[in-house]
Amino acid sequence: MKRILFYILIFIFIYSLALINNAIDMDYWARILQGNAFWQLGTILKQDPFSYTQTHLWLDHEWGSSIIFSFIQNHFGYIGIHIFRTLLVTSIFILLFETIRLREEKTNTLLCLSLFIIGAYAIPTITMSALRCHFFTFFFFSLFIFLLEYIRKHEKYRLLIALPLIMILWVNIHGGCVSGLGLLFMYALGEFINKRKFLPYIYTMLACTLVMFINPYGFEYVKFIFMATTMPRPFVTEWISPFAHNNWLFFIEFKIFYIINLIILLFNLKKFKQDAVKYIILIICAYLSFKYIKNTPFFIITSIIFLYGDILSFFKKFKVDTKAIYYVAYFFVLIHALNIIVYNKPIPNISLQPYKVVEFIKINELKGNILAPFDMGSYITYKLYPNNLIYMDGRYEEVYFKNTKDLLDNFYNVTKDWDKILDIGLTHDYIITPRNGLINDYLGKRKDYAYIYADEDNCLFIRNEKLKSKYYRPSQDYNYYLQNALSTDILFVVK
């Protein structure tokens with residue numbers, strides 16, 4: 001009963017954290033369109049119909065996520081998406097708790113709760129983020145660790161057969177499945193050093209690699225996943241180091257968590273010979289989290305699991321009376337969560353989307369090609385296709401060639417040859433720019449485009465041949481956009 005109450009409390013806490021932001025991911029719309037295509041056509045889209053640039057085979061490593069998201073949104077609306085997101089993240093924390101119970105002779109649910117609170121605030125990319133496909137990867141990653149720890153503890157190596165079966169599902173939901181292969185390699189290496197059975201992990205890793213070819217694209221898909229894993233993305237925030245930002249307060253919760261746990265890890269390295277698996281996983285995840293923001297949950301997950309015993313020993317060593325502190329933490333979590341829930345509603349936050357400028361284009365029937373920042377492309381397509389095509393969107397390496405993104409970056413960052421994108425033989429009928437972007441000054445000096453509209457966040461330029469004598473202004477009522485946030489006119493039909 002105590003465990004059930006603990007899980008309920010975690011669910012309430014995670015549910016409340018999501019309400020703090022409640023934003024919709026910029027790439028979410030493309031996911032829904034892929035899912036809608038599947039439910040309407042009975043197959044996924046393998047060629048991109050939304051762009052006017054040159055594209056390649058749509059190697060959608062998130063197609064399974066799209067089907068799930070689309071089903072939930074179409075049947076249960078945004079509240080369904082919000083609850084599903086909460087259940088998925090809560091499941092990760094439940095798996096952490098159950099893995100700790102597997103590893104430790106004695107566990108303290110109150111200490112676990114304290115660690116979960118800290119961990120939850122340290123990974124806002126999961127706990128305070130919109131629903132994204134990589135949530136599945138952190139769920140499966142946590143599930144893999146739980147199963148591997150169970151198998152290792154009870155020496156039931158035959159149960160490793162479950163991992164390739166899970167991998168079939170994982171590989172078709174999110175390309176982060178490569179982290180599962182990495183985990184198996186780390187267990188194999190660690191057990192080799194521990195002088196215990198390691199070959200079963202090698203065989204399982206090979207089996208998991210082979211089942212990755214069970215996907216809609218075959219070999220090309222597996223080849224793409226390994227390429228995308230190592231592909232540099234210097235202008236994408238989640239692909240920079242959390243320690244590289246000029247503002248030291250950026251990602252501060254994670255930085256504090258990271259440094260404290262890194263100190264604990266380093267002080268306990270002398271125990272490396274006791275369990276090499278533990279320290280190999282922590283060191284590699286610490287490195288990956290230091291390198292990219294996107295990888296920070298890996299260190300949070302593994303440090304909570306593998307450093308739990310060290311933290312518990314620390315309190316015992318100094319004979320700190322933590323009982324009262326833990327109960328205060330329980331009370332704080334409940335009150336904090338309820339306070340957020342009372343003052344925040346589970347409604348979509350579309351403030352990051354270019355909803356007004358898109359509405360302007362729609363009500364004025366401005367048909368044609370739209371050049372916009374790549375993170376806006378998904379929403380523009382969701383609302384304006386087929387009357388408008390986009391230059392590109394956040395699917396990036398899944399659909400587009402590298403040069404396509406390079407030209408876009410040069411344009412919006414106003415670097416050398418910034419205007420090359422305007423002279424490559426493509427027709428950009430409309431250009432959306434940030435309201436305070438430097439690009440507006442440069443674009444305003446060109447004689448082939450005219451400025452016609454601006455809202456609080458974005459400006460719209462139009463090619464002179466498309467100019468009209470009269471334009472209608474979009475609604476200023478935010479509730480109007482909220483009511484229509486998830487609606488789209490796109491219907492996929494079999495030709």
Side-chain angles (χ1 to χ4, degrees), residues 18 22-51 55 57-89 91 129-140 168-177 214-217 221 224-225 228 346 348-350 352-353 358 374-386 388-390 392-400 484-495:
N22 229 2
I24 297 179
D25 181 60
M26 298 296 280
D27 297 330
Y28 176 79
W29 316 100
R31 302 269 57 88
I32 297 300
L33 290 178
Q34 175 71 295
N36 287 354
F38 174 83
W39 293 115
Q40 293 173 27
L41 302 176
T43 185
I44 60 172
L45 300 175
K46 293 186 179 180
Q47 294 294 333
D48 173 64
F50 309 122
S51 309
T55 59
L57 174 68
W58 184 355
L59 292 160
D60 187 1
H61 68 94
E62 299 169 332
W63 71 271
S65 297
S66 298
I67 292 172
I68 296 170
F69 293 171
S70 171
F71 178 85
I72 295 172
Q73 177 177 298
N74 292 336
H75 288 80
F76 305 103
Y78 180 76
I79 187 63
I81 288 292
H82 187 76
I83 291 175
F84 176 76
R85 177 208 165 283
T86 304
L87 286 170
L88 191 56
V89 177
S91 298
S129 169
L131 178 62
R132 299 186 62 190
C133 303
H134 66 252
F135 284 25
F136 286 107
T137 277
F138 299 119
F139 168 77
F140 285 119
I168 295 174
L169 184 62
W170 192 354
V171 74
N172 286 285
I173 287 181
H174 190 253
C177 58
I214 304 175
N215 69 77
Y217 309 91
Y221 182 74
F224 163 77
I225 285 178
N349 177 357
I350 59 170
L352 297 177
Q353 319 301 329
V358 164
F374 88 113
D375 57 353
M376 293 184 183
S378 176
Y379 178 81
I380 293 170
T381 294
Y382 191 82
K383 290 296 184 181
L384 299 178
Y385 181 83
N388 301 90
L389 299 180
I390 57 170
M392 73 176 298
D393 61 13
R395 290 170 295 163
Y396 195 6
E397 72 279 2
E398 294 179 21
V399 173
Y400 307 96
N484 297 281
L486 303 182
S487 64
T488 180
D489 297 328
I490 301 176
L491 291 175
F492 299 94
V493 294
V494 180
K495 294 183 179 181

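A quick note: this is a predicted structure, and the numbers were derived from the prediction, not measured.
Taking every heavy atom of both residues into account, Phe224 and Leu59 meet most closely at CE2-O, 3.4 Å. Closest heavy-atom contact between Ile225 and Gly175: CG2-O, 3.5 Å. Scanning both residues, Ala30 and Arg395, for their nearest heavy atoms gives CB-CD, 4.1 Å. Annotation for Ala37 and Leu45: closest pair CB-CG, 3.6 Å, computed over non-hydrogen atoms. Closest approach of Tyr400 and Ser51 over heavy atoms only: OH-OG, 2.8 Å. In terms of heavy atoms, Tyr382 sits closest to Ala485 at CE2-O, 4.2 Å.
Judged as a salt bridge (Lys or Arg N to Asp or Glu O under 4.0 Å), and not counting sequence neighbours, the contacts of Asp25 are Arg132. Applying the side-chain hydrogen bond (donor to acceptor under 3.5 Å, both in side chains) rule to Tyr28 yields the partners Gln73; only residues at least two apart in sequence or on another chain are considered. Listed by chain and number, the residues in a side-chain hydrogen bond (donor to acceptor under 3.5 Å, both in side chains) with Thr86 amount to none (sequence neighbours excluded). Considering only residues two or more places apart in sequence or on other chains, Ser70 meets the side-chain hydrogen bond (donor to acceptor under 3.5 Å, both in side chains) condition with Asn36, Asn74. With sequence neighbours excluded, no residue satisfies salt bridge (Lys or Arg N to Asp or Glu O under 4.0 Å) with Asp27.
With Ser378 contributing its side chain and Asp393 its backbone, the two residues share no donor-acceptor pair below 3.5 Å. Remark: side-chain polar atoms of His82 are not paired, donor with acceptor, to backbone N or O of Tyr78 under 3.5 angstrom. Between the Tyr385 side chain and the Asp489 main chain, no donor and acceptor come within less than 3.5 Å of each other. Side-chain atoms of Gln353 come within 3.5 Å of backbone N or O of Ile24 as a donor-acceptor pair.
With rounding to the nearest 0.5 Å, the separation of CG in Leu87 from CZ in Phe139 is 11.0 Å. Considering CG of Asn484 and NZ of Lys383, their distance stands at 6.0 Å, rounded to 0.5 Å. Atoms CZ and OG1, on Phe38 and Thr43 in that order, are 8.0 Å from each other to the nearest 0.5 Å. Considering CG of Asn215 and CH2 of Trp63, their distance stands at 8.5 Å, rounded to 0.5 Å. Taking CZ of Phe50 as the reference point, atom CH2 of Trp29 lies at 14.0 Å (rounded to 0.5 Å). Here the straight-line distance linking atom CG of Leu131 with atom CD1 of Ile72 works out to 7.5 Å at 0.5 Å rounding.
Under the 4.5 Å side-chain criterion, counting only non-hydrogen atoms from C-beta, Phe76 is not in contact with Ile81. Using a 4.5 Å heavy-atom threshold, the side chains of Ser65 and Phe135 count as separate.
Pairs engaging residues 28-46 under the salt bridge (charged side-chain N to carboxylate O under 4.0 Å, His left out) rule: Arg31-Asp60, Arg31-Glu62 [sequence neighbours left out].
Using cut-offs of 30° and 60° for the angle between ring planes, the His134 and Phe138 rings count as perpendicular. Between Phe136 and Phe84, the ring planes are tilted. Angles from 30° to 60° get that label.
Thr137 and His174 form a side-chain donor-acceptor contact under 3.5 Å, judged by distance and modelled atom types alone. Neither side chain, Trp58 nor Gln34, offers a donor N or O lying under 3.5 Å from an acceptor on the other.
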Any chance you could lay out the side chain to side chain contact (heavy atoms under 4.5 Å, CB included) test for Met26 and Tyr379, step after step, and finish with the verdict? CA-CA 7 Å; Met26 298 296 280; Tyr379 178 81; 6.0 Å; no
